Protein chains: 2
Amino acid sequence: MRATLIYGAGDVRVEDVPDPHVQQPTDAVVRVVVSCVCGSDLWPYASRPATEDADRIGHEFLGVVEETGSQVSGLEPGDLVVAPFVWSDNTCDFCSEGLQTSCRNGGFWGADGVDGGQGEAVRVPQAQGTLVKLPVGEDSALLPSLLTLSDVFPTGHHCAVRAGVGERTTVTVIGDGAVGLSAVLAARRLGAERIVLMGRHADRTDLGRAFGATDVVTERGEEGVEKVRELTGGDGTHTVLECVGLEQAVNTAFGVVRDGGTVSRVGAPQYEQVSMGFPQFFKNITLTGGVAPARAYIEELLPDILEGRVEPGRVFDRTVGLDEVPDGYRAMADRQALKVLIRP
Amino acid sequence: MRATLIYGAGDVRVEDVPDPHVQQPTDAVVRVVVSCVCGSDLWPYASRPATEDADRIGHEFLGVVEETGSQVSGLEPGDLVVAPFVWSDNTCDFCSEGLQTSCRNGGFWGADGVDGGQGEAVRVPQAQGTLVKLPVGEDSALLPSLLTLSDVFPTGHHCAVRAGVGERTTVTVIGDGAVGLSAVLAARRLGAERIVLMGRHADRTDLGRAFGATDVVTERGEEGVEKVRELTGGDGTHTVLECVGLEQAVNTAFGVVRDGGTVSRVGAPQYEQVSMGFPQFFKNITLTGGVAPARAYIEELLPDILEGRVEPGRVFDRTVGLDEVPDGYRAMADRQALKVLIRP
């Protein structure tokens, strides 16, 4: 089959790879119907050292079950399924607590002999625990929104949940990428009435407003902090959803969070340390969040998509075929596309 | 009157200062019956630059109301009261939320013309919001435990509450100082059944066991982390109460916290940054805690002291008169005393 490989920074190629087959009795093979490029794929796309030994890439996909192992029940060939961005058994103690990203028998797409999601098909380990059946056909217009259940929508949701967003909390969302916009959508869905979106790209912040942002702050750094403080009577917001992953964004978060408030982060950290010294201590600031256990949230988020109450798939603004995946990466890296959908 | 001043590292003196009087209608004057030295007083005692311009010091006291301003109701001369370590109006929005340390009209003992607690008397601003009446006489044997309501017991409690300690959470407490031991007591009081105390001083960890610690780990750093992991099947504990304030202790906390768990800190941070990069992100670790709004917890903790269910005052292992306060500081700095009670 054809699949995407990354050879180094700026060097993504679509090549022939071995066809996937069931190897373990807990495996399934899924033919990919839609996949996409993640903002986090752009980090290796920006910095991976060039080698001859390429890595498979892609961790968001939705497709049709083609084959299942003998220990997989509840799934049959022909089922349309979505896969969260980490595979997991969904039965261990961590999974039972809703932390499938720490599953005792789980792992990552594109690593350790497991296929990536940006290809024609994927061998899915722990298929019964990982895959969630979708009650629509593969021609459904809902597919883009359903695909966001792989990662970006549950990631925004995780950010908001960890922050404790609710009806009584004001919210700042930092970042107008697909995750930031999903966090806006998730915060609104959880009842937040005041959502300040910090972002500089008008087309993206416009979508943010459609998703529920009540205010947009285009300034960055100290100026942006001042602006959010102005909007909140000097106090900042109860919760801050940090959806970038850069130290500067975390510092902005600390600048706009209200005393006693929570900064929740889901941007993969491109930093090792953060400022959590006396100022944050004295204000009782909590720093939480982390990699989102998407699997934990799919059943909760699915009905709102099926019934049209939310349209997280609006973050996709470009669609490519598999051979055009390198163009998709370039478009996202150059910020010409917000999020690229792949139809293999 | 006589009161304690700090002139520089290692230089604490008891001197004559002006007698306190009601200055604002919201003030009261309290004659101090018992006060004490805090672990956090040892930071300036270790490092304050020497100047001729001394600072008043001490922020934990319990005493008798001598005089009240015209706007103070609910308090009368003769009332025995305890003061939390930050004064506050107890009516603003932050106070109403239980964050009296961020009170819009509050402040600190020993700063901005307000007396410190280690003296014969104190002018108490925002007296009605700050002071809590105690239903015992000034000769009560409960006074040491009641004095801990100023700071050390609510600080341990805050640490445990912020961490989410409950019946189903395992706990590691880092630090066998008075705050760490109070955190053990608070965690046990909140229902924790497994409490690992990390500390090296046998007399202190023995008190920790009496307070509810089920395991004691004397090793530090990587060795200590290994030991706690061994005790918890390799996983670490759901919550970690960091009661030291050094970067090394925070790193130990990250080493022993279970995936998805919470590190809560109440040790005044002697660091500016902490490691909250990819490893903590990937494990969904929360870092919370901060300066404890002791006032928020006094009514909740008081009955357990009055009815003898907890004895937080056991952290006091030495009593001095006011003139011996410099000896008290030395004893605590040299770790010859755990916590020093002062009877002016």
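Nothing here was measured: the structure is a model prediction, and the numbers come from that model. Computed over heavy atoms, backbone and side chain alike; hydrogens, waters and symmetry mates excluded. Each chain gets a letter, A, B and so on, in the order the sequences are listed, and its residues count up from 1.
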Near Arg220(B) CZ, under 6.0 Å, is it more than 12 heavy atoms from other residues, nucleotides or ligands? no
Is Glu97(A) salt-bridged to Arg258(B), cutoff N-O under 4.0 Å? yes
Just how far is it from atom CD of Gln273(A) to atom CE of Met276(B), taken to the nearest 0.5 Å? 11.5 Å
Would you mind telling me which of Val274(A), Val266(A), Thr101(A), Val250(A) has the largest number of heavy-atom pairs within less than 4.5 Å of chain B? Val274(A)
Euclidean distance, Glu272(B) CD relative to Ser275(A) OG, rounded to 0.5 Å: 7.5 Å
In short, Asp235(A) meets Arg104(B) closest at the heavy-atom pair OD2-NH2, 2.6 Å
Atom group of Leu287(B) that falls short of 4.5 Å from chain A, counting heavy atoms: both
Using every non-hydrogen atom in the two residues, find where Phe281(A) and Gly267(B) come nearest and quote the distance to one decimal. CE1-O, 3.6 Å
Under the side chain to side chain contact (heavy atoms under 4.5 Å, CB included) rule, what do Thr286(B) and Arg162(A) come out as? Steps first, then yes or no, please. CA-CA 9 Å; Thr286(B) 296; Arg162(A) 283 274 167 152; 3.6 Å; yes
Under 4.5 Å heavy-atom distance to chain B, tell me which part of Arg265(A) shows up: side chain, backbone, both or neither. both
More than 12 heavy atoms from other groups under 6.0 Å of CD on Glu299(A): yes
With a 4.5 angstrom heavy-atom cut-off, which part of Gln280(A) approaches chain B: side chain, backbone, both or neither? both
Would you confirm whether Asn284(B), through its side chain, and Val291(A), through its main-chain N or O, come within 3.5 Å as a donor-acceptor pair? yes
Do other residues, nucleotides or ligands put more than 12 heavy atoms under 6.0 Å from the CD atom of Glu300(B)? yes
